[in-house]
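Fair warning: this is a prediction, and the values are worked out from it, not measured in the lab. Proteins come first, then strands; the chains are lettered A, B, ... in the order of their sequence lines, and each starts at number 1.
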2 protein chains.
Amino acid sequence: MTVRSRPASEPSVVEDDEATLPRGQRKQRTRDALIDAALQLMNEGRSFNSLGLREITRVAGVVPTSFYRHFKDTNELGLVLVEESGLTLRRMLREARRAGAPMKDMIRRSVQVYKAFVLSNRLHFLFVAGERSGGSPVIRSAIRNEVDQFIDEMTSDLRHLAIFPNLSPESLRMVCELVVNTMLHAATDILDLPPGDEAQARAQEDNHVHQVRLIFLGAQLWRDENEKG
Amino acid sequence: MTVRSRPASEPSVVEDDEATLPRGQRKQRTRDALIDAALQLMNEGRSFNSLGLREITRVAGVVPTSFYRHFKDTNELGLVLVEESGLTLRRMLREARRAGAPMKDMIRRSVQVYKAFVLSNRLHFLFVAGERSGGSPVIRSAIRNEVDQFIDEMTSDLRHLAIFPNLSPESLRMVCELVVNTMLHAATDILDLPPGDEAQARAQEDNHVHQVRLIFLGAQLWRDENEKG
DNA sequence: TCAGTGAGTGGACGTATGTTCACTGATGAG
DNA sequence: CTCATCAGTGAACATACGTCCACTCACTGA
């Protein structure tokens, strides 16, 4: 289940005019091409588990049988995609940690940064948002694990920031889950919105900002004693 | 795009030992069988747009060509499914309206009623939650319309209940959208949880209750003036 | 009563799929 | 230099698919 470290951009087709490369590196090359091909097909509106093995290899510019040199079936490729997407999520959190919480207009800034991140990792978010509920059960549960882990990390980060000192760890996690679900759904909105429509983009951003603000407002007022009964 | 009024239960296969029926009624019968077949297949973990026409007719107990007497392709069947699911959502709202808002433990009671409703309309919620993001673009956008309409109705209901007199219509809608997104995702949780595990079911219910409570807490404290800038 | 309608049938078609197999030929280790 | 390795090839397979067609025959309406 190794994962490539190279950017998930879209050259996709394996280029044979390439300067001769070491064996392992060359193998990784077509493996990446297969993964990119799957992502590219999903970017054209297809859902993952409707993709065919031959279809993927065709887009990757490789013969169908080559597929088996890298994955035992399409599902296995899907699990690699889950792993990659998980890394992308983790990376987002890490960057946010490095940048620190903006003090002024914290939520709006965060929403803007999030939108930019989603757009520059469009394929991974498309995959996660799309297959999180609906796809094959094995992939769905793999994504659920990844997202759960993400929520845990975010909970830990928020605790160290001490933004909600009133919340117990369990309640803080509940808040994070709410935020993550909301923002993962927001990713669908963001990716569906055609670029250029500035007015609608602003309305969308406001909407997301308001939703997160409302959640944070509730979180600040939350008292765990209310729930003990 | 007519929709059957009969329950979406699962006899599914068209029974030819049936007492002879009037023509139109008999047609509706196999049409229902086709729709039920699609739902049944999705209930076995398949996503809608991976279903094949032949597969559906096979489960429905009918020859493939019969399909064309009812739908021009599987996508058209999908749109009927969206319409049906929309009716189910509307029905839920109507029942809630008739029952009125419970005064004590309002949120917990509502979450319990919601869970019961989801379980007794499992197939429709499975379809909506699964295809809302990820399936074919045309079905996804049809579902989005249906959900938007649902949010509008819920907004109107909440306004008449005057639970949040502080909220402008726009903010109230924003709150409803948040609740609907949260609870539609909750439907996935509910449907995925195997029955019998009482402890986990309780934990899940608590989690959903807390999330809605937190949203409502935020909504009560919301002041629109904060957002005008 | 009788003709026409139309839901459902069964066979055939071209094309697509996933998987198998023996193969080629450059790479990289000795 | 030599030779085994193995990523990628290309042909072949059984099977599945969507769609077309001519057909049946029970119901309907006049």
Side-chain angles (χ1 to χ4, degrees), chain A residues 2 4 11-38 41 44 46-80 136 138-139, chain B residues 2 4 11-38 41 44 46-80 136 138-139:
Chain A
T2 321
R4 66 228 169 109
S12 194
V13 178
V14 55
E15 309 157 28
D16 47 359
D17 57 0
E18 205 72 57
T20 301
L21 287 171
R23 262 262 256 263
Q25 212 160 328
R26 199 139 182 93
K27 176 169 183 178
Q28 188 70 20
R29 199 76 143 202
T30 65
R31 203 183 114 107
D32 288 359
L34 289 169
I35 295 176
D36 287 341
L41 283 166
E44 289 160 10
R46 312 277 313 278
S47 83
F48 176 76
N49 68 347
S50 79
L51 301 183
L53 179 152
R54 288 181 106 105
E55 195 178 8
I56 293 173
T57 59
R58 204 180 305 126
V59 171
V62 118
V63 96
T65 41
S66 276
F67 188 92
Y68 297 108
R69 301 278 182 210
H70 305 276
F71 313 99
K72 83 176 222 294
D73 53 28
T74 50
N75 236 322
E76 191 172 296
L77 192 159
L79 291 178
V80 172
S136 86
V138 40
I139 289 193
Chain B
T2 320
R4 68 229 169 105
S12 196
V13 178
V14 57
E15 312 159 26
D16 47 358
D17 56 0
E18 204 73 60
T20 303
L21 287 170
R23 257 269 253 260
Q25 211 161 326
R26 198 135 182 97
K27 175 169 184 177
Q28 188 71 20
R29 200 78 143 201
T30 65
R31 203 182 116 109
D32 288 359
L34 289 169
I35 296 176
D36 287 340
L41 283 166
E44 289 161 10
R46 313 277 314 278
S47 85
F48 176 77
N49 68 347
S50 78
L51 301 184
L53 180 151
R54 289 182 102 104
E55 196 177 8
I56 294 173
T57 58
R58 203 179 307 126
V59 172
V62 119
V63 99
T65 39
S66 274
F67 188 91
Y68 297 109
R69 301 280 183 207
H70 304 275
F71 312 101
K72 84 176 221 296
D73 53 27
T74 50
N75 236 321
E76 192 173 295
L77 190 158
L79 291 178
V80 171
S136 88
V138 40
I139 288 195

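- Regarding A:R26, its CZ atom lies at a distance of 17 Å from the C1' atom of D:dT5, rounded to whole Å.
- Searching all strands for a Watson-Crick or G-U wobble partner of D:dA30 with both distances below 3.5 Å returns C:dT1.
- When the C1' atom of D:dT19 is taken as reference, atom CG of B:D73 falls 12 Å away, rounded to whole Å.
- One can place OH of A:Y68 at 6 Å from P of C:dT20, the figure rounded to the nearest angstrom.
- Atoms CG (B:N49) and C1' (D:dC17) sit 15 Å apart, rounded to a whole Å.
- Nearest heavy-atom pair across B:A37 and B:A60 is CB-N, 3.8 Å.
- Pairs engaging residues 60-70 of chain B under the side-chain hydrogen bond (donor to acceptor under 3.5 Å, both in side chains) rule: B:T30-B:H70 [sequence neighbours left out].
- If you take CD of A:Q25 and C1' of C:dT27, they are 13 Å apart, rounded to a whole angstrom.
- Across all non-hydrogen atoms, the minimal contact from B:I35 to B:F71 is CG1-CZ, 4.0 Å.
- Within the model, atoms CZ of B:R26 and CZ of B:R29 stand 7.5 Å from one another, a figure rounded to the nearest 0.5 Å.
- If you measure from atom CZ of A:F71 to atom P of D:dG8, you get 11 Å, rounded to the nearest angstrom.
- Regarding A:E76, its CD atom lies at a distance of 12 Å from the P atom of C:dT19, rounded to whole Å.
- Residue A:K72 contributes atom NZ, which lies 17 Å from atom C1' of C:dT20 at whole-angstrom precision.
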Could you go through nucleotides 9-16 of chain C and list every protein N or O atom that sits under 3.5 Å from one of its N or O atoms, giving the distance for each pair?
from	atom 1	to	atom 2	distance (Å)
C:dT9	OP2	B:V63	N	3.1
C:dT9	OP2	B:S66	OG	3.3
C:dG10	O6	B:T65	OG1	3.0

Give every donor-acceptor pair under 3.5 Å between a side-chain atom in residues 47-56 of chain A and any protein atom, sequence neighbours left out.
from	atom 1	to	atom 2	distance (Å)
A:S47	OG	A:N49	OD1	3.4
A:S47	OG	B:N49	OD1	3.1
A:N49	OD1	B:S47	OG	3.1
A:S50	OG	A:R46	NH2	3.3
A:S50	OG	A:S47	O	2.9
A:E55	OE1	A:G52	N	3.0
A:E55	OE2	A:R46	NH1	2.3

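- Every residue meeting the side-chain contact (heavy atoms from CB on, under 4.5 Å) condition with A:D73, not counting sequence neighbours, appears here in chain and number order: A:N75, A:E76.
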